[in-house]
Each structure stands twice: as C-alpha cells, then as structure tokens.
Amino acid sequence: MAKKRVETKKTPPLPPLPPPSTPPQEMPEEEIPGEEAGDGSGEEDGEGSEGGAEEERGESDAGVAEESDSSEDEEEHIGYDIAGKKIRKQAKRDKIDSFLAGVDDSKNWRKIYDEYNDEEIELTKEERRLIGRILKGKTPHADVDPYAPYVDWFEWEEKGMPLSGAPEPKRRFIPSKWEHKKVVKYVRAIRKGLIKFEKQKEKPRFYMLWGDDSSSAENTRHGLSYIPAPKPKLPGHDESYNPSVEYIPTQEEINSYQLMYDEDRPKFIPRRFESLRNVPAYESAIRDAFERSLDLYLCPRTRKKRINIDPESLKPKLPSRKDLKPYPSLCYLEYKGHRGSVKSISVQITGQWIASGSTDGTVRVWDVETGRCLKVWEFGESIQHVAWNPLPDLPLLAVSVGQDVVLLDTGLGNAEEQFRAKELLHVEEDDAGQCDTKPLVRWLRHDKLDAIRLEHSKAVSSVEWHFKGDYFITVAPTILIHRLSKKLTFNPLKKLHGLPVSSVFHPSRRILFIATKKNVRVYDLSMEKPKFMKKLEPSIREISSVAVHPGGDNVIVGSKEGKLCWFDMDLSSKPYKTLRAHPKDITNVAFHRSYPLFASSSDDCTAYVFHGMVYSDLNQNPLIVPLEILRGHASSNGRGILDCKFHPRQPWLFTAGADSVIKLYCH
Amino acid sequence: MPRLSGQQKRKKHYRPSGKKREGNAAKFITRTRAVHYLQLSLPMFRKLCILKGIFPRVPKKKVEGNHKTYYHMKDIMFLAHEPLLDKFRDIKAYDRKIKKAVAKKNKDLAIRLKSRRPNYQLDPLIRQRYPRFIDALRDLDDCLTMVNLFAALPATESTRLDVERIHNCRRLSHEWLAYVARTHSLRKTFISVKGIYYQAEIEGQKITWLTPHALQQVVPDDVDFNVLLTFLEFYETLLAFVNFRLYHSINVEYPPILDPFLEAEAADLFALYRFFSAGSRRTFGNSQIGGSEEQNEVRLLPASEPGALMHLVENASVDDKDDKETKECKSLFKNLKFFLGREVPKDSLLFIIPAFGGTVSWEGDGSPFGETDEGITHQIVDRPSQGHVYLSREYVQPQWIYDCVNARIILPTEAYMVGRVPPPHLSPFVDNEAEGYVPEYAETIKRLQSASRRRVLPVPGTDDGDLDDPQHLLAEGVIDRTQAQEASEKKQELIKLEKQYHDELNMELQGISYSESLLSKKAESSSIGAEEKLEDGLDAEEMAATDATSMSKVVMSRKKRKLYEAMQISKERKRSGVKLLKERKKKAEQSSAP
C-alpha cells in the first residue's frame with residue numbers, strides 16, 4: 001500500500017540550498033550539464049562526485065543544525081495513513097553506518113534524504129544536471145534562452161494625456177512623522193505599564209457564595225414577598241414510555257380530541273413503546289422548555305389560598321332533626337275530587353275543614369280527618385283564591401273568582417252560627433242598591449248561592465282576612481280594604497310604588513304588609529291615614545308571596561327565582577337570611593300558628609319544611625333549620641305545588657298541587 | 001383662559017389629576033409603562049427581568065384594564081437601581097462602537113474593541129435572589145432541566161449556540177450527577193416519553209429534573225432562543241455555584257480536574273468518580289491520618305483497578321450522618337456488578353447504578369472491566385436477542401434497573417429478560433391511593449416489597465426498631481389491612497359453601513327431590529326480588545342522603561356553597577377519570593382473553 005500523507009501541520013522543508021557565500025570553486029567552468037554527458041572522464045566524475053558529496057554533507061549538517069532547534073517538538077511519526085494510523089519514522093542510521101554505506105556504494109553521493117516523506121532518493125542524471133545548473137546560477141533547463149532578442153512592448157509615441165510626469169515627492173522618501181509620534185506614544189505606554197503583553201491571570205470564577213447562611217437571612221427582597229413559581233407538574237403513569245394498557249386512549253378517543261376546544265384538549269397523548277431503544281426524541285422538548293420559561297418570567301404570580309378540607313366540613317352544624325320534631329314528613333291523606341289544578345286552599349281556624357278552589361271552577365270544602373268532600377259550589381270560572389273567615393264561630397268563606405269576590409255561607413256549624421252568618425250576609429242585600437253609586441266596588445247579592453258578591457273593576461288575585469274577622473283585603477292590582485259588618489270598602493293607599501302582588505295583615509297589630517314585585521312595604525293603619533313604616537328589600541328578582549310570623553316581627557318572602565328571604569323586622573330592612581331552596585318559582589310561603597315551623601311550596605313539585613325558631617331574647621338571632629323536603633305531587637303544565645297551608649293546631653301541612661290533588665302531610 | 005382668583009387657589013397639597021399616590025393605581029404599573037419608565041428596550045427589560053427574577057404580580061384591582069400585565073412599582077424601582085442596568089447600557093453603547101468600526105471598515109479597531117468588550121458577573125444577583133443556600137436548592141428544578149436540555153442540543157448557527165456553551169452545560173450536569181451519585185441522594189427515577197426524570201433529596205429538598213433522551217433533538221424555528229439563552233446564562237452560573245458549594249461540603253475540589261483520556265472517551269461521569277476517589281484519598285490522607293488501617297489500604301489501591309474504584313466511591317461517603325433512606329439506597333445494588341451493552345443509555349445508567357451502590361462497566365474504551373469479567377452478575381442489554389450468553393449472569397432490559405430503584409428491592413428478572421415486552425413502567429411520583437386507581441403492576445410490586453421486608457425482618461412484633469419508624473409501621477399496616485380483607489373474603493366464601501353443603505344434606509335427609517329443591521331455589525330467587533325491592537329502599541336512602549345534602553346546601557352561605565360545588569365537580573372529574581381507566585382495562589382484558 002502506498003503511504004499517503006493525510007495532512008501535517010509542518011510545511012515541507014525546502015530542498016537544501018547551498019549557502020550563497022560558498023560557491024563551488026572546484027567545479028570547472030566547462031562542466032556545463034548537457035555538454036559533456038558522454039565523454040566526461042572517470043576522474044572528473046570522481047572529483048565531481050567527491051565535491052558533490054562533501055557539499056551535500058555540509059548541507060545536510062547545516063540542515064540538521066537548523067532543524068535541531070525545532071526538532072524538540074518533533075513528532076515520532078510523519079503523519080497518518082488513510083486508516084488513521086500513525087506512520088512512524090524510520091529508525092535513524094548513525095553516522096558510522098551512513099559513512100560505511102557511502103564507502104561501499106559508489107552511487108551514495110547521489111542519494112538525498114527526503115525528510116518530508118522520510119525516504120532516501122537517488123538522483124537521476126538529469127536531476128543532478130538540473131541541480132548543477134541551478135548552483136551555477138543558470139536557468140535550470142537548457143532549453144531556455146536567456147538572451148532572446150528584446151521586444152519593446154512600450155509605445156513611445158506622445159499621448160494626449162500622459163500617465164504622470166511628476167517627479168516622486170519627497171515625502172515618499174522620509175519616515176512618517178505621525179507614525180513616529182504614534183510609536184513614541186506606544187513606547188511610553190509600554191514603559192508606564194499601560195499596555196501589557198502577558199495576559200492577566202484569571203481569578204477563579206466560582207467561589208463559596210453561600211459561606212454562612214446565618215447572616216444573610218435578613219436579606220429580604222426589598223420589602224416585597226417573594227412568590228416562588230410553582231414547580232412543574234410531576235409526570236403520571238400515562239407519561240411513561242411503557243404505560244399500562246389502560247392509559248392508552250383508543251383511536252376513537254384520540255379522534256374525539258379533535259372536536260374539543262383547545263383548552264380542553266389533552267396536551268399529551270400517551271404512547272406505548274415495546275422497548276427503550278424504540279423511544280424517539282421528544283419532539284417538543286425545546287418548546288416545553290420555552291413555554292416553561294415564558295411562564296416563569298411573564299406569568300403574573302399571586303398567592304392563592306388552596307384549602308385542603310373535607311367538603312363535609314363546609315356544611316353548617318345544624319341541630320339534629322330528631323330534636324326538632326314534630327314536623328310534617330309523610331303524606332297521610334289525599335283529597336281527590338277536583339278536575340283542574342287546585343289553585344288555593346284554606347284551612348278553617350278550628351282545623352276541622354279545608355276549602356279549596358280550583359281552575360275547574362269549583363270550590364270544595366273537605367273534612368280534614370276523613371278526606372270527605374262536604375260541599376261543592378260551581379262558579380264556572382277559575383277560582384283564584386279562597387280564605388276562611390278567621391273567627392271560629394263564623395264559617396264564612398271568601399272566594400275570589402275573576403273580577404268578583406264572593407262571600408259564601410258554607411252552611412257548616414251549629415244553628416246559632418248559621419243564624420249569625422245569615423244575618424251578616426243578609427244585611428248586605430239592602431246595601432246592594434246603595435253600592436251602585438260607589439265606583440270602587442259594588443256589594444251585590446248573589447242570589448243563587450245566597451251570598452254577597454263584590455264586583456271589582458279588575459281581576460282579584462287574593463283575599464286576606466284580618467285576624468278579627470271583620471275586615472278583609474283584596475288585591476285587585478289596587479289594594480282595597482273591605483269591612484264586612486258595615487259593607488264598606490275603602491282604598492287606603494292612593495299611591496303605590498310598584499305593582500302589588502299580595503298583602504297580609506299583621507297577626508296581632510293594625511299593620512298592613514304589602515308586597516310589590518320588588519319589595520315589601522309596611523303600613524301602620526292605626527292612624528287616620530295609613531302611615532308608611534318600613535320598606536323591606538329582599539333584593540330578589542320578583543316577589544311571589546309573603547307570610548308573617550305569628551309573633552309579627554319576622555316576615556318571609558318567597559320569590560319567583562326560588563329564593564326564600566327571612567326578614568327580622570327589628571334587625572334590618574335587608575334579609576337576615578336568604579335560602580336558596582328551590583330551583584323553580586316559589587308559589588307560596590306559610591308560617592305555622594303555634595309551632596316554630598314554616599314552609600314553602602314551589603313549582604318544582606316539592607315543598608320545604610323549615611324549623612324557624614324565634615327567640616324572645618332580642619339578642620339571639622332566629623334559628624333556621626331545613627327539616628324536610630316533601631315530594632309526591634306530579635307536575636302538570638310545568639306547574640307543581642300551587643299552595644301550601646299549615647293546620648292551625650297540628651304540625652300538619654296541606655299542599656295543593658297542579659295535578660288536582662290536595663295532600664296532607666303529617667308528622 | 002380665566003385666571004385663578006384668590007379663592008380658587010390650588011390646594012396646599014396639590015396633586016395633578018391622574019397621578020395617584022396610593023392604592024393600586026400607584027402601586028402597580030403596566031409593562032409598557034414600566035419599560036418607558038426605565039427607558040429600556042423591551043428585549044433588555046425582558047433580559048433584566050429574567051436575570052433579576054422579577055415577575056408580574058396580580059393587583060387586587062386592575063386599574064388599567066384586565067388584559068395587561070402589572071408589575072409592582074417596588075419591583076420596577078428595584079430594577080431601576082440595579083448596577084447591571086448601567087452595565088447593559090454601557091454594553092449597548094460599546095456594541096454600537098464596534099458596529100461603527102465595522103461599517104467604516106476599520107478592521108483593527110473593530111478587533112481591538114471586540115477583544116475588550118465589557119463583561120458582567122451574575123454572582124451578586126444569585127446571592128440576592130437566593131440569600132440562603134437552601135433557597136437556591138429549592139429553585140433548582142428548572143435550572144437542572146434547562147441545563148440538561150441544552151447539554152443535548154446541537155450547536156447551530158440559527159440558535160446562536162456555540163459548542164463551548166454546550167460543553168459547559170454538559171460538564172455542569174455531569175458534575176451535579178456525580179455529586180448525587182456519590183452522596184447516594186437519588187431517590188426516584190422514571191423513564192417517560194419526554195425523557196428520564198430523576199428525583200434527588202439534598203438537604204431535605206426534593207429536586208426533580210428531566211434529562212432528554214440522548215438522541216438528536218428537534219430544534220423548532222418558532223422559539224425565541226434569546227429568552228432561553230438568557231435563562232440558560234443565569235442557570236449555568238447558578239448551577240456552577242451550587243456545585244461548588246456541594247463539592248466543598250464533601251471535601252472535594254471544584255472545579256474538578258478530569259482524566260483527559262476518559263474525557264475524550266466521553267466517560268465524563270466515570271472520570272468524575274475517579275476524581276472523587278483520588279480527591280478523597282488526598283483529603284483524607286491530609287486530615288485523618290489516624291484512620292483505620294484497613295480503610296486506608298482500600299483507598300490506596302491503584303485507581304486503575306476497577307473493582308477497587310467503585311468501592312472507593314462507595315466507602316468515601318461519610319457513613320455516620322446518613323439517614324435511613326440513604327443507607328437503604330446505598331445498599332440496594334450492593335455486591336452486584338453490572339455490564340452495560342452499547343445500546344443502552346449509558347449516561348443514565350452510569351449515574352443510577354453507582355448511586356445505589358452497584359459496580360458498573362460498559363463496552364468501550366476506558367471501562368474498568370470488560371464483558372468477560374467473571375464477577376458480573378447482571379448485563380443490561382436492549383436488543384431483540386442476545387447472541388453469546390454467559391450462564392453466570394442475568395441478561396435484563398434497562399427498565400429493570402429503574403423499576404428496582406423505584407421499588408427499592410431487587411425485582412425478579414424473568415419479566416425483564418431479553419426479547420420480552422417488559423411489564424408496564426409506572427411513575428413513582430403518583431400516589432395511587434389518593435388517585436383512586438392502582439395499576440395491576442403496582443400491586444404486584446407492593447406484594448413483592450412486603451414479601452422481601454418480611455424475609456429481612458425476623459418477627460415484626462419483637463423488633464423495637466419497627467416501632468420507631470412510623471412510616472414503616474404504616475406500610476406494614478396497609479399491607480396487613482389488605483391481606484386481612486382478602487382473608488376475610490375467603491373465609492366468607494368458605495362459610496357460604498359450607499352452608500350450601502349443609503343445606504343440601506338437610507334436604508336429602510328430609511327427602512326433598514332435586515326438582516323441589518329447584519323450586520325452593522326459585523322461591524329464594526323471588527326473595528332476591530324482595531331484596532331488589534330493598535334496593536329500592538336503598539334508593540330511598542340515597543334520596544334521603546341527597547335531600548340531606550341539598551337541605552344543608554340551602555343553609556350554606558353562597559361562598560361556601562360555591563366552594564362545595566366546585567369540590568364536588570373536581571371529585572366527579574377524578575371519579576370519571578378512574579372509571580375510564582377501569583373501562584379501558586376491562587376492554588383490554590376482554591380483547592386479550594379470547
């Protein structure tokens with residue numbers, strides 16, 4: 001294999017040249033190479049060869065001497081072969097060997113050692129002749145004619161624009177002043193030590209930065225708290241290169257990711273590799289690092305309190321329901337008979353009968369304990385509201401039908417009571433004629449049912465009796481107060497803010513509560529003119545019903561968004577507590593007369609029963625505990641329970657449903 | 001313009017409208033305003049923020065709008081007084097000089113200017129940001145991940161990454177790994193698709209970092225490398241100082257001087273181990289001359305001898321201070337000798353195995369012992385089949401090492417043999433109990449762990465050491481509980497079978513034929529129907545429970561209710577995740593069964 005130099009740093013040494021001062025004197029003038037190739041005598045040859053050998057030795061010595069300085073860092077090899085292995089130098093022959101070789105071999109004088117390729121070369125005759133010519137200062141080749149005839153290439157004719165005829169300026173021959181100045185400057189700088197030639201020794205870059213931690217603790221961050229960045233999320237099982245099978249999503253799931261929003265889409269889809277060598281480089285490694293660094297310096301930081309608590313501990317500690325018994329919990333009776341949804345019910349004060357009005361145009365009176373329907377009246381028009389007279393010995397029933405309010409004699413009770421009722425209702429007959437002149441309401445005789453008919457100008461939505469049983473109030477958008485004994489009607493509030501929804505009398509004092517859609521207004525009726533006392537602001541969307549605690553100081557308000565507000569009148573005009581009980585409209589709210597109970601009924605077919613204890617101690621807030629959710633009514637036309645009323649003496653609740661059933665829940 | 005009359009004079013402490021002195025408007029400043037305030041360019045502001053560790057904060061009230069980032073005014077003032085800010089301005093001006101010289105083709109000047117470009121040091125910043133060493137350790141996760149990532153990147157023009165920088169990253173990460181291996185503070189390892197995660201515990205701090213797989217990384221072109229390089233600049237300095245401190249804590253010189261031969265063979269880690277052993281010999285020779293004779297002898301063994309070297313690494317660490325976990329880690333691979341094939345991730349295994357007390361060699365130059373060594377107990381290979389097999393050693397896939405480390409026991413090697421698909425590799429960072437789903441293999445490992453523990457401990461009751469370690473007790477308790485459960489289930493089954501047998505015997509005695517018994521069984525099944533009805537009752541109970549929650553919700557305040565609902569939602573999400581996993585598992589079993 002031919003040795004080939006791959007590359008070395010060294011430049012190849014020049015072929016040995018004779019020192020210019022010692023031209024070869026022995027060499028005869030005639031010995032011009034090319035002339036005497038054939039007839040050159042052996043003697044001459046011998047002489048020439050000796051001279052040549054001497055010369056060469058001298059040259060090689062000089063070469064060695066020259067290179068001896070640089071040979072210290074010389075390698076033992078001359079380069080590398082094509083396979084990258086070192087090519088070693090041949091062993092050097094010592095002087096005696098080379099001398100003996102020179103004596104033995106007559107052609108030794110022709111041999112030259114080539115250092116670059118590490119070999120000895122025997123010069124051919126032509127080469128020797130070439131060298132001889134060069135030594136003599138002639139052209140190396142004999143073919144070259146140094147004295148060829150001169151051809152004058154320059155045109156000597158006069159040109160219109162000569163290149164330049166100016167003589168060379170003086171400044172080209174004298175050294176530059178400014179250069180001199182600069183040199184002086186540098187020299188001075190060097191002398192002063194401003195310019196240093198050896199590089200400064202670098203002191204070690206790293207040192208004990210945190211020597212003693214105790215002293216540095218006070219170094220807080222300029223008065224601001226340092227918020228450390230959250231650590232990156234630790235990988236879960238699914239990020240493994242070889243996760244369990246259940247962590248790999250199916251193709252359908254992966255496809256379904258495409259339909260997701262960008263925020264919801266999983267950033268990482270688990271994959272499974274059979275062995276570690278199959279795992280490729282993670283393609284978004286740099287992007288992940290970049291995003292992390294963006295988060296580190298761009299993301300606003302704040303301290304978030306992360307609570308790690310049991311959700312059950314959030315639930316308020318309420319007294320046990322068992323201790324708060326009795327309360328209605330089970331459906332005990334159903335009163336069936338209506339063919340339309342039951343709009344309103346009312347329980348007689350003795351608790352013996354209930355009356356109900358329905359959209360099928362009938363009013364029925366039921367026996368509470370047996371569930372038997374005692375009486376039925378047909379009105380032929382949807383009943384809005386029914387209300388028993390609160391006097392136990394006056395079994396009168398006020399029914400609102402369309403634009404009329406009918407005061408019915410139910411015909412229940414003993415003969416004496418019957419007589420009183422008849423008398424009360426009878427007197428009106430005479431007044432009926434006088435009523436024609438009154439613009440507000442006409443008191444008319446209802447011949448068919450033997451009752452009084454109050455003809456309003458607009459539809460009546462509710463009728464409520466005063467606790468003494470003489471006055472009653474109707475809401476026919478305007479609020480009207482009627483007096484039964486005198487057959488009088490008056491409009492106490494000329495001006496009302498908002499549309500009244502319902503109105504209730506205070507259970508013991510002469511106070512009137514009027515609920516408009518937004519708030520509840522309280523009027524004192526003891527004066528000549530009703531005096532505005534208070535406004536209760538439940539801050540709910542639309543009030544649907546209102547009820548007053550028998551004590552009179554607490555009011556609950558049901559709203560059409562399903563919220564129930566409890567007001568403590570002494571406390572504030574804002575609700576003491578807002579209970580978000582129902583998802584749908586609250587239709588009615590009710591207090592129990594004697595037990596600490598209240599209830600709300602809603603269109604979501606449920607009724608809530610609450611324990612609402614009011615303490616006589618003014619410092620103690622009322623205790624409100626939800627007790628029971630009563631279910632059982634079916635929904636019809638999107639309406640659920642339309643009315644609820646408590647039994648006056650027992651902890652029982654009556655509910656009237658849109659499914660035309662009345663239910664009684666007992667404890 | 002009407003003049004101000006005497007009465008309309010300015011108030012004593014007049015403040016022009018729009019200038020706030022207190023409140024959120026005065027305390028917080030938007031980023032654009034901050035940049036204008038500091039008279040900086042946005043890139044320089046960014047760089048300064050990264051180096052100083054200044055981050056935006058969330059004000060209570062966002063005065064200037066919701067979609068802006070707000071910095072605290074104090075932070076900005078902190079930046080304004082930073083000496084580095086002036087330095088950056090100087091550098092900017094200086095760079096302009098160079099640019100000018102280049103533009104004017106004043107080559108000499110340009111070169112001279114370039115050679116004397118002002119430089120800046122980051123150590124004051126590090127001291128400022130991390131006043132205590134422990135603070136630095138706490139923030140080391142990102143630093144290590146970034147340095148390891150850049151150690152695996154190619155040097156390219158487009159990323160303005162030079163080779164020196166990459167080598168520096170590589171060196172720093174190796175120094176860190178060598179320290180962790182030597183102090184045996186590595187705790188968990190995990191091979192993920194993204195790379196290999198490690199978790200070490202140093203001075204009580206859990207430090208987790210990710211090293212990418214040793215492959216050609218993909219360099220995206222839409223990533224701003226300026227940001228990354230600024231971070232890297234800081235992290236390099238930080239890690240170097242941290243390494244310095246750590247090396248000094250174990251009496252080793254820093255920066256380490258490595259054997260150039262090993263360095264050339266890309267066995268830096270090994271070279272570092274060697275340096276450690278040499279260094280420890282030196283320091284121990286100086287400090288404790290009166291050390292026990294035997295130890296000295298061990299240390300004075302020539303470092304070129306392979307086994308001795310690893311022992312050096314092992315023995316050198318200070319034995320007395322080690323806590324229990326470190327001791328456990330140190331002795332995991334004790335007396336085991338590993339040999340790595342060419343195809344396995346050498347850097348990672350060369351780090352893990354010595355960290356857990358094993359001796360390791362690899363195929364290639366500079367390795368302490370060759371493949372033919374008789375003492376090798378395990379050979380790590382990752383190829384479809386192994387040609388020449390030594391009977392004295394076991395051939396396992398690399399995953400075995402990682403699983404052993406996470407389980408802290410030597411797992412049986414059958415499942416990890418060459419050519420098999422290894423069992424699933426599970427993350428050690430997941431708390432299976434809290435997650436609600438325990439993968440099958442995790443249970444297997446748990447069983448193996450408890451088995452090995454029982455084998456090691458003679459009788460759990462008598463050993464006093466057990467009582468001292470609550471963690472240990474807890475683990476025992478958990479295992480016992482599960483086992484007790486299993487046992488009770490079995491017992492119940494047995495009782496059931498026994499009862500059935502007795503019933504049948506009775507029937508036979510009474511002379512009831514088989515058909516009748518079938519009938520009676522039907523009756524039983526009808527009774528089961530009754531049970532179903534009972535289940536309806538259960539529904540009622542459920543209803544009652546939901547009623548109870550909805551009723552308690554009624555009384556809750558809005559804040560608490562929302563919180564409660566959010567908790568329920570997150571719980572539900574977790575549950576659905578677990579359900580999905582179970583479904584998938586079932587499907588996989590079904591598909592694999594027939």
Side-chain angles (χ1 to χ4, degrees), chain A residues 205-210 213 216-217 219 222-224 227-229 231-232 234-237 239-247 271 274-277 279-283 285-290 292-294 296-302 311 314-316 318 579-581 608 624-626 629, chain B residues 49-50 55-58 69 72 74 78 123 126-127 131-133 141 146 149 190-195 197 212-213 215-220 223 227-228 231 240-241 244-245 248 343 382 398-399 421-422 424-427 429-430 439 547 551-552 554-556 560 563-564 567 581 584-585 588:
Chain A
R205 265 196 73 197
F206 303 110
Y207 54 93
M208 200 67 158
L209 189 62
W210 298 279
D213 277 357
S216 51
N219 189 0
H222 53 276
L224 277 179
I227 306 172
K231 294 203 168 187
L234 288 174
H237 293 315
E239 281 190 35
S240 167
Y241 88 100
N242 178 19
S244 311
V245 194
E246 59 264 30
Y247 288 97
R271 290 172 70 193
E274 303 258 294
S275 69
L276 190 54
R277 65 176 181 277
V279 181
Y282 181 55
E283 64 270 13
I286 294 180
R287 187 162 291 120
D288 279 3
F290 180 60
R292 172 73 186 164
S293 44
L294 283 190
L296 283 179
Y297 89 89
L298 266 186
C299 202
R301 293 189 202 166
T302 180
L314 287 174
K315 289 179 181 172
L318 295 173
L579 307 169
R580 196 192 163 79
Y608 267 76
I624 298 171
V625 183
I629 303 174
Chain B
C49 279
I50 290 170
F55 47 84
R57 288 166 192 263
V58 184
T69 41
H72 200 282
K74 274 187 182 168
F78 188 47
D123 25 329
I126 290 172
R127 177 79 184 185
R132 286 170 304 159
F133 182 56
D141 288 23
M146 183 80 96
L149 174 67
F190 176 55
I191 317 172
S192 86
V193 173
K194 294 178 179 174
Y197 283 90
H213 292 297
L215 295 161
Q216 176 77 35
Q217 297 295 323
V218 187
V219 180
V223 162
V227 173
L228 283 177
F231 267 105
F241 277 109
F244 188 93
R245 157 89 191 219
H248 272 249
E343 65 281 358
D382 188 11
Q399 194 196 319
V421 176
H425 183 55
L426 300 173
S427 166
F429 304 113
V430 180
D547 273 9
M551 273 193 292
S552 55
V554 162
V555 198
M556 273 186 220
K560 277 191 175 170
L563 187 63
Y564 182 82
M567 278 174 164
L581 285 180
R584 276 186 197 155
K585 170 111 191 171

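Sequence lines set the chain letters: A, B, ... in the order given, protein chains first and strands last, and positions in each chain run from 1. Everything numeric in this text was worked out from a predicted model, so none of it was measured.
Per-residue heavy-atom pair counts under 4.5 Å with chain A were compared for B/Ala240, B/Cys49, B/Ala588, and the maximum is reached by B/Ala240. For chain A, the option among B/Leu149, B/Val554, B/Val223 with the highest count of heavy-atom pairs below 4.5 Å is B/Val554. Across A/Arg287, A/Glu283, A/Glu239, the residue that shares the most heavy-atom pairs under 4.5 angstrom with chain B is A/Glu239. Contact count versus chain B (heavy atoms, under 4.5 Å) is highest, among A/Pro626, A/Pro235, A/Pro316, for A/Pro235. Between chain A and the residues B/Val193, B/Leu215, B/Val218, the largest count of heavy-atom pairs under 4.5 Å involves B/Val193. By number of non-hydrogen pairs under 4.5 angstrom with chain B, the leading residue of A/Asp288, A/Ile227, A/Leu294, A/Val625 is A/Ile227. No other option in A/Val245, A/Leu296, A/Leu318 has as many heavy-atom pairs under 4.5 Å with chain B as A/Leu296. Considering only heavy-atom pairs separated by less than 4.5 Å from chain A, the leading option among B/His213, B/Met146, B/Gln217, B/Lys585 is B/Lys585. Between chain B and the residues A/Gly236, A/Pro232, A/Ser275, A/Pro228, the most heavy-atom pairs under 4.5 angstrom are made by A/Gly236. Interface summary for chain B: among A/Pro280, A/Pro311, A/Ala289, the most heavy-atom pairs under 4.5 angstrom belong to A/Pro311.
Heavy atoms closer than 4.5 Å to chain A are found in both the backbone and the side chain of B/Tyr564. With a threshold of 4.5 angstrom between heavy atoms, B/Thr69 approaches chain A through side-chain atoms but not through N, CA, C or O. Of the two parts of B/Met551, the backbone and the side chain both hold a non-hydrogen atom closer than 4.5 Å to a non-hydrogen atom of chain A. Heavy atoms closer than 4.5 Å to chain A are found in both the backbone and the side chain of B/Pro439. Contact of B/Leu228 with chain A is made through the side chain alone, with heavy-atom distances under 4.5 Å.
Dense packing is recorded around NZ of A/Lys315, with more than 12 heavy atoms of other residues, nucleotides or ligands lying under 6.0 Å away.
Counting all heavy atoms, side chain and backbone alike, A/Arg301 lies closest to A/Ala229 at NH1-N, 3.5 Å. Of all heavy-atom pairs between B/Asp382 and A/Arg277, the closest is OD2-N, 2.7 Å. Residues A/Pro243 and A/Tyr247 come closest through the heavy atom pair CB-CB, 4.1 Å.
Judged purely by atom type and a 3.5 angstrom limit, B/Asp141 has no side-chain atom pairing as donor or acceptor with the backbone of A/Lys231. Using modelled atom types, one side-chain atom of B/Arg127 and one backbone atom of A/Leu209 make a donor-acceptor pair closer than 3.5 Å. A/Ser244 contributes no side-chain N or O that, together with a main-chain N or O of A/Glu246, makes up a donor-acceptor pair within less than 3.5 Å.
Partners of B/Phe241 by ring pair (Phe, Tyr, Trp, His ring centres under 6.0 Å), not counting sequence neighbours, listed by chain and number: A/Phe206, A/Tyr207. For B/Phe244, the ring pair (Phe, Tyr, Trp, His ring centres under 6.0 Å) test picks out B/His248, B/Tyr254, with sequence neighbours left out.
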* To do: Walk me through it: do A/Leu224 and B/Phe78 pass the test side chain to side chain contact (heavy atoms under 4.5 Å, CB included)?
  => CA-CA 10 Å; A/Leu224 277 179; B/Phe78 188 47; over 6 Å; no

